[in-house]
Amino acid sequence: QLLVIFGMLAVWELAVSAGLIKVYLYGQPTGIWRELIKALADGTLLHHTWITAVESIIGFAIGSVFGSAAGLGLWMSPGLALVLRPLMVAANGVPKIALAPLIIVWFGVGMESKIAIAAIITFIVALITAYAGTEEVDDDLIRLMRSLGAKRFQIFCKIVIPASVP
């Protein structure tokens, strides 16, 4: 496998050197390697990696919290869940990165847009997963709680949320 990769890099390098492909369009493996070494040496690669990690983690946290809360909340309103189910499936089918131009227009090119993209990508997955978890709750446990006089919110807190976590 390494031989295939090195072979492809060698062909690429030779094609650029021979002028068969334009360096300003495709780059050059040795030029990319030089820039990597330079970015590692002056610390810019580590700095930008850290910023990207922070943006991703914040976006993941926001999307997970709001998506999970929304997915669990749909258990409280089965009618709304039936209406929203096709929309959730459709939203999951949309390539989220296709929303990036809109998000950049709305939030700008700063950290906020990257966090928003990460949050949107995470939100829909967390929403669908949490809602699917609520549908897997054992109906016998819910009936038992009702027979013991539990209110809907108590059933939600004591049965649905813990059963949906896995």
Side-chain angles (χ1 to χ4, degrees), residues 1-9 26-27 32 35-36 39-40 43-166:
Q1 291 173 344
L2 285 175
L3 189 59
V4 170
I5 292 171
F6 285 125
M8 290 173 57
L9 289 172
Y26 299 103
I32 294 169
E35 289 300 315
L36 172 67
L40 281 171
T44 57
L45 183 63
L46 266 163
H47 173 72
H48 292 295
T49 301
W50 173 253
I51 291 171
T52 300
V54 168
E55 292 166 342
S56 298
I57 291 168
I58 292 170
F60 176 78
I62 291 169
S64 294
V65 167
F66 286 107
S68 297
L72 291 171
L74 286 176
W75 181 84
M76 298 292 275
S77 177
L80 182 62
L82 283 173
V83 170
L84 293 180
R85 186 178 298 151
L87 297 174
M88 292 186 314
V89 172
N92 192 37
V94 172
K96 308 321 175 273
I97 202 68
L99 301 174
L102 282 175
I103 292 170
I104 290 171
V105 167
W106 293 336
F107 294 100
V109 292
M111 185 180 250
E112 296 85 7
S113 63
K114 284 99 172 178
I115 291 171
I117 291 170
I120 288 169
I121 290 169
T122 307
F123 175 85
I124 192 66
V125 174
L127 172 73
I128 291 172
T129 304
Y131 180 66
T134 65
E135 289 187 323
E136 297 297 319
V137 175
D138 188 5
D139 288 332
D140 290 338
L141 287 174
I142 293 172
R143 281 195 290 278
L144 173 65
M145 290 291 286
R146 282 193 184 128
S147 70
L148 295 172
K151 304 278 188 264
R152 189 161 176 77
F153 187 72
Q154 290 174 316
I155 295 170
F156 180 72
C157 291
K158 302 285 185 184
I159 300 295
V160 174
I161 292 175
S164 300
V165 171

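These numbers come from the heavy atoms of this one structure, side chains and all, not from hydrogens, waters or symmetry mates. Throughout, residue positions are numbered sequentially from 1 according to the sequence presented. Values in this document were obtained by computation on a predicted structure and should not be read as measured data.
- The two residues Pro162 and Cys157 have their closest heavy-atom pair at CD-O, 3.4 Å.
- The salt bridge (Lys or Arg N to Asp or Glu O under 4.0 Å) analysis of residues 43-52, with sequence neighbours excluded, yields no pairs.
- Here the CE-CD1 distance, from Met145 to Ile159, works out to 5.0 Å after rounding to the nearest 0.5 Å.
- Taking all atoms of both residues into account, the shortest heavy-atom contact from Thr134 to Gly71 is CG2-O, 4.2 Å.
- Annotation: ring-ring contact (aromatic ring centres under 6.0 Å, His included) contacts of Phe156 (sequence neighbours excluded): Trp75.
- Annotation: side-chain hydrogen bond (donor to acceptor under 3.5 Å, both in side chains) contacts involving residues 49-68, sequence neighbours excluded, are absent.
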With a 3.5 Å cut-off and sequence neighbours excluded, list the donor-acceptor pairs that the side chains of residues 91-98 form with protein atoms.
{"residue": "Lys96", "atom": "NZ", "partner": "Ala91", "partner atom": "O", "Å": "3.2"}
{"residue": "Lys96", "atom": "NZ", "partner": "Asn92", "partner atom": "O", "Å": "2.9"}
{"residue": "Lys96", "atom": "NZ", "partner": "Val94", "partner atom": "O", "Å": "3.0"}

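- Partners of Ile32 under the side-chain contact (heavy atoms from CB on, under 4.5 Å) rule, at least two apart in sequence or in another chain, are Trp12.
- For Ala130 against Gly67, the heavy-atom pair with the smallest separation is CB-O, 4.5 Å.
- Within 6.0 Å of CE on Met76 lie more than 12 heavy atoms contributed by other residues, nucleotides or ligands.
- Residues satisfying the salt bridge (Lys or Arg N to Asp or Glu O under 4.0 Å) test with Asp139, not counting sequence neighbours, are none.
- Among pairs with a residue in residues 77-89, those fulfilling side-chain hydrogen bond (donor to acceptor under 3.5 Å, both in side chains) read Arg85-Tyr131, Arg85-Glu135, at least two apart in sequence or across chains.
- Residues forming a side-chain hydrogen bond (donor to acceptor under 3.5 Å, both in side chains) with Thr129 (at least two apart in sequence, or on another chain): none.
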Quiz: residues 99-127 side-chain donor-acceptor pairs under 3.5 angstrom, not counting sequence neighbours:
{"residue": "Ser113", "atom": "OG", "partner": "Gly108", "partner atom": "O", "Å": "3.0"}
{"residue": "Ser113", "atom": "OG", "partner": "Gly110", "partner atom": "O", "Å": "2.9"}
{"residue": "Lys114", "atom": "NZ", "partner": "Val109", "partner atom": "O", "Å": "2.6"}
{"residue": "Lys114", "atom": "NZ", "partner": "Gly110", "partner atom": "O", "Å": "3.4"}
{"residue": "Thr122", "atom": "OG1", "partner": "Ala118", "partner atom": "O", "Å": "2.8"}

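- Residue Glu35 holds its CD atom at 9.0 Å from OG1 of Thr44, rounded to the nearest 0.5 Å.
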Between Ile161 and Leu72, is a side chain to side chain contact (heavy atoms under 4.5 Å, CB included) present by the stated rule, with each step listed? CA-CA 7 Å; Ile161 292 175; Leu72 291 171; 4.2 Å; yes

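- For residues 140-163, the side-chain hydrogen bond (donor to acceptor under 3.5 Å, both in side chains) pairs, not counting sequence neighbours, are Asp140-Arg143.
- Closest of all the heavy-atom pairs between Met88 and Ile128 is O-CD1, 3.7 Å.
- With a 6.0 Å radius and a threshold of 12 heavy atoms from other residues, nucleotides or ligands, Leu3 has its CG atom at or below the threshold.
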